[in-house]
Amino acid sequence: MRRLWRCGFAEVQQCLDPLPDAVLIDTHHNQLMRQARRLPWRKADAVTSLTIAEMAYLHAKRIQAMYVLEDEDKSGSYSDQRTISVDRKRQAVADQIRVPAPDLLAVQWKREAAKDRYLPIGADEVAKLIAADEAVLAAHPITKQPRRKRGRSDHH
């Protein structure tokens, strides 16, 4: 009869050795942490989207006033309102950049949005915010293994 309870020194030592980092990833905890960042991001995105829509609306109203109604006064009024709207949009984008990113897609959005040189946020602040986001997201992966990039051979 075999003795199942008997272990050698090597087996005991292996049990006492620290586990590799990849084994210790708590993907559920990391998922919850990222979800906590998602609601503030969505709120900021809603504000940014609204200001973009407002700019488009005022631009369309200006064009309509100018060419359809042929009313330069109304056209000028819409143009003035749109200028104010552009400032609100830039502030909304800057505010959204300051919100912690819930995922790498949001980090990518921040990089693209920050290319507007007229934003009321400095490039150094943007760089620090993005670096902080990347550090948090890297420290809290939601999969144990990094996704491998798919090549042509994977698409049979």
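- Under a cut-off of 6.0 angstrom, the local environment of CZ in Arg42 is sparse, with at most 12 non-hydrogen atoms contributed by other residues, nucleotides or ligands.
- Partners of Ala113 by side-chain contact (heavy atoms from CB on, under 4.5 Å), not counting sequence neighbours, listed by chain and number: Val93, Ile97, Trp109.
- Side-chain contact between Lys43 and Val99: absent, with no pair of heavy atoms (C-beta onward) separated by less than 4.5 Å.
- Heavy-atom neighbours of Glu125 CD from other residues, nucleotides or ligands within 6.0 Å: above the threshold of 12.
- The minimum heavy-atom distance between Ala65 and Lys74, with the atom names listed, is CB-CB, 3.8 Å.
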request  = Take Gln91 and Asp87 through the side chain to side chain donor-acceptor pair (under 3.5 Å) test and state the conclusion after the steps.
outcome  = CA-CA 6 Å; Gln91 185 60 55; Asp87 291 339; over 6 Å; no
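- Listed for the Ser75 side chain is no donor-acceptor partner under 3.5 Å among the backbone atoms of Asp71.
- Going from atom CZ of Arg88 over to atom OG1 of Thr83 covers 11.0 Å, rounded to the nearest 0.5 Å.
- Across all their heavy atoms, Pro100 and Trp41 have their closest contact at O-CE3, 4.0 Å.
- Clustering of Ile, Leu, Val, Met, Phe, Trp and Tyr side chains at separations under 4.5 Å places Tyr67 together with Ile63, Met66.
- Taking hydrophobic clusters as Ile, Leu, Val, Met, Phe, Trp and Tyr residues chained together by side-chain heavy-atom distances below 4.5 Å, Leu69 does not share a cluster with Tyr78.
- No donor-acceptor pair under 3.5 Å is formed between the side chain of Arg62 and the backbone N or O of Gly76.
- Each of Arg98, Arg111, Arg37 was checked for a salt bridge (charged side-chain N to carboxylate O under 4.0 Å, His left out) with Asp133, and the lone residue meeting it is Arg37.
- For His140 (side chain) and Val136 (main-chain N/O), a donor-acceptor pair under 3.5 Å exists by modelled atom type.
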query = Under the side chain to side chain donor-acceptor pair (under 3.5 Å) criterion, do Gln81 and Ser85 qualify, and how do the steps go?
reply = CA-CA 6 Å; Gln81 290 176 46; Ser85 182; over 6 Å; no
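- The structure places NZ of Lys89 at 7.0 Å from OG1 of Thr51, a figure rounded to the nearest 0.5 Å.
- Follow the hydrophobic side-chain contacts under 4.5 Å out from Ile130 and you reach Leu137 in the same cluster.
- The closest donor-acceptor contact from the side chain of Ser77 to the backbone of Asp73 lies at 3.5 Å or more, if one exists at all.
- Put simply, Val126 and Leu104 are part of the same group of oily side chains (I, L, V, M, F, W, Y) that touch within less than 4.5 Å, one to the next.
- In this structure the side chain of Ile121 reaches within 4.5 angstrom of the side chain of Leu129, judged on heavy atoms.
- Heavy atoms of other residues, nucleotides or ligands lying less than 6.0 angstrom from CD of Gln64 number more than 12.
- Looking at heavy atoms from C-beta onward, Val107 lies out of side-chain contact with Lys110 at the 4.5 angstrom threshold.
- The structure places OH of Tyr57 at 14.0 Å from CZ of Arg82, a figure rounded to the nearest 0.5 Å.
- Counting heavy atoms from C-beta outward, Pro120 and Arg90 have side chains that approach closer than 4.5 Å.
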